Amino acid sequence: MNGLNECFREKIKLEIEENRIEPACNLPLQFVYGNGPTDAKVVMIGEAPGKDEVCFGRPFVGKAGEILNEILLKTGIKREQLYITNVVKYRLVKEGSRQGSYRNRPVTKKEIEIMLPWLKQELDLIKPKLILTLGNVPLRALCFMQNCGILEIGACHGDVFCVNDNMFHIPLYHPASQIYNRSLKEVFDEDFKKVRIFLESQEG
């Protein structure tokens, strides 16, 4: 993946130079790329890396990562067998309430569109059997890639969609959603059981 990462890094630099992306707060972009085996049968896609991900250089290592690890352990899905990435490959930040502090910000539609070619390259390279999108942002990104109507996670979480003859997609809530809405924990658990059932059905 290193060669692909370097190509992407140069692409982002070009976008910035052409003023199509403006780095927030005049900070340099903090990149975090996908992690996992390039022959993974399952690709998991989040929104963008946060502070912890930047620190460790891997996606989903903060609080959301802890929740994800817990549910993977419960359902018997091994994290080391997954390829985990984000739609946006750098931290999205804005100035915090204290001087010199920063916090995460939402991704823009324009940023999603600019990132799509990179995400498509990842999926074309790995050719997973199953794509798991975590939250609305990666769900919308996949909808953009397939030129289909925009779906909302609340209406389709846990459902199985056919991307093509060899690839399927299950939208899931983002693990961090449980931090703000504890009632989603049960939903998240049930949806991951459906993921496990789907994977078992493909092994037969």
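Every heavy atom of this structure was used, including side-chain atoms; hydrogens, water molecules and symmetry mates were not. Just so it is clear, the structure is predicted and the values come from calculations on it, not from any experiment.
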Contact check, side chains of [X] and [Y], non-hydrogen atoms, under 4.5 Å:
{"X": "Val32", "Y": "Val54", "value": "yes"}
{"X": "Val43", "Y": "Glu122", "value": "no"}
{"X": "Arg196", "Y": "Leu199", "value": "yes"}
{"X": "Leu142", "Y": "Leu123", "value": "yes"}
{"X": "Val187", "Y": "Ser177", "value": "no"}
{"X": "Leu130", "Y": "Val195", "value": "yes"}
{"X": "Pro128", "Y": "Met167", "value": "yes"}
{"X": "Phe144", "Y": "Lys109", "value": "yes"}

Ignoring hydrogens, what is the shortest heavy-atom contact between [X] and [Y]? Give both atom names and the distance.
{"X": "Gly62", "Y": "Asp52", "answer": "CA-OD2, 3.4 Å"}
{"X": "Asn86", "Y": "Pro49", "answer": "ND2-N, 3.7 Å"}
{"X": "Tyr173", "Y": "Phe188", "answer": "O-CE1, 2.9 Å"}
{"X": "Pro37", "Y": "Leu82", "answer": "CD-O, 3.4 Å"}

Following the transitive rule for hydrophobic clusters with a side-chain heavy-atom cut-off under 4.5 Å over Ile, Leu, Val, Met, Phe, Trp and Tyr, establish whether [X] and [Y] coincide in one cluster.
{"X": "Val61", "Y": "Leu134", "result": "no"}
{"X": "Met145", "Y": "Ile114", "result": "yes"}
{"X": "Met44", "Y": "Ile67", "result": "no"}
{"X": "Phe31", "Y": "Phe56", "result": "no"}

Return the [atom1] to [atom2] distance between [X] and [Y], rounded to the nearest 0.5 Å.
{"X": "Ile197", "Y": "Gln202", "atom1": "CD1", "atom2": "CD", "answer": "12.5 Å"}
{"X": "Arg140", "Y": "Leu151", "atom1": "CZ", "atom2": "CG", "answer": "10.0 Å"}
{"X": "Asp124", "Y": "Leu119", "atom1": "CG", "atom2": "CG", "answer": "9.5 Å"}
{"X": "Leu68", "Y": "Phe192", "atom1": "CG", "atom2": "CZ", "answer": "5.5 Å"}
{"X": "Leu172", "Y": "Cys156", "atom1": "CG", "atom2": "SG", "answer": "9.5 Å"}
{"X": "Leu92", "Y": "Gln30", "atom1": "CG", "atom2": "CD", "answer": "10.5 Å"}

Q: Please report the C-alpha distance between Asp189 and Lys185 in whole Å, then the side-chain angles of each, then the deciding distance to 0.1 Å, and finally whether the salt bridge (Lys or Arg N to Asp or Glu O under 4.0 Å) criterion is met.
A: CA-CA 6 Å; Asp189 289 351; Lys185 184 181 187 306; 3.2 Å; yes
Does any N or O in the side chain of [X] come within less than 3.5 Å of the main-chain N or O of [Y], such that one atom is a donor and the other an acceptor?
{"X": "Asn136", "Y": "Ile153", "value": "yes"}
{"X": "Asn164", "Y": "Asn166", "value": "yes"}
{"X": "Glu113", "Y": "Lys110", "value": "no"}
{"X": "Arg79", "Y": "Asn69", "value": "no"}
{"X": "Gln81", "Y": "Ala40", "value": "no"}

Q: Please go through Leu73's hydrophobic cluster and name the other residues, only I, L, V, M, F, W, Y counting, with side-chain heavy atoms under 4.5 Å joining them.
A: none
Q: Identify the residue among Glu47, Arg91, Lys51 that makes a side-chain hydrogen bond (donor to acceptor under 3.5 Å, both in side chains) with Asn104.
A: Arg91
Would you indicate whether [X], at its atom [atom1], is surrounded by more than 12 heavy atoms from other residues, nucleotides or ligands within a distance under 6.0 Å?
{"X": "Phe161", "atom1": "CZ", "answer": "yes"}
{"X": "Lys194", "atom1": "NZ", "answer": "yes"}
{"X": "Glu80", "atom1": "CD", "answer": "yes"}

Q) Going through the checks in order, is the side chain to side chain contact (heavy atoms under 4.5 Å, CB included) test met by Ile84 and Asn35? A) CA-CA 5 Å; Ile84 305 178; Asn35 180 265; 5.6 Å; no
Q: May I ask you to check whether Tyr90 and Glu111 show a side-chain donor-acceptor distance below 3.5 Å?
A: yes
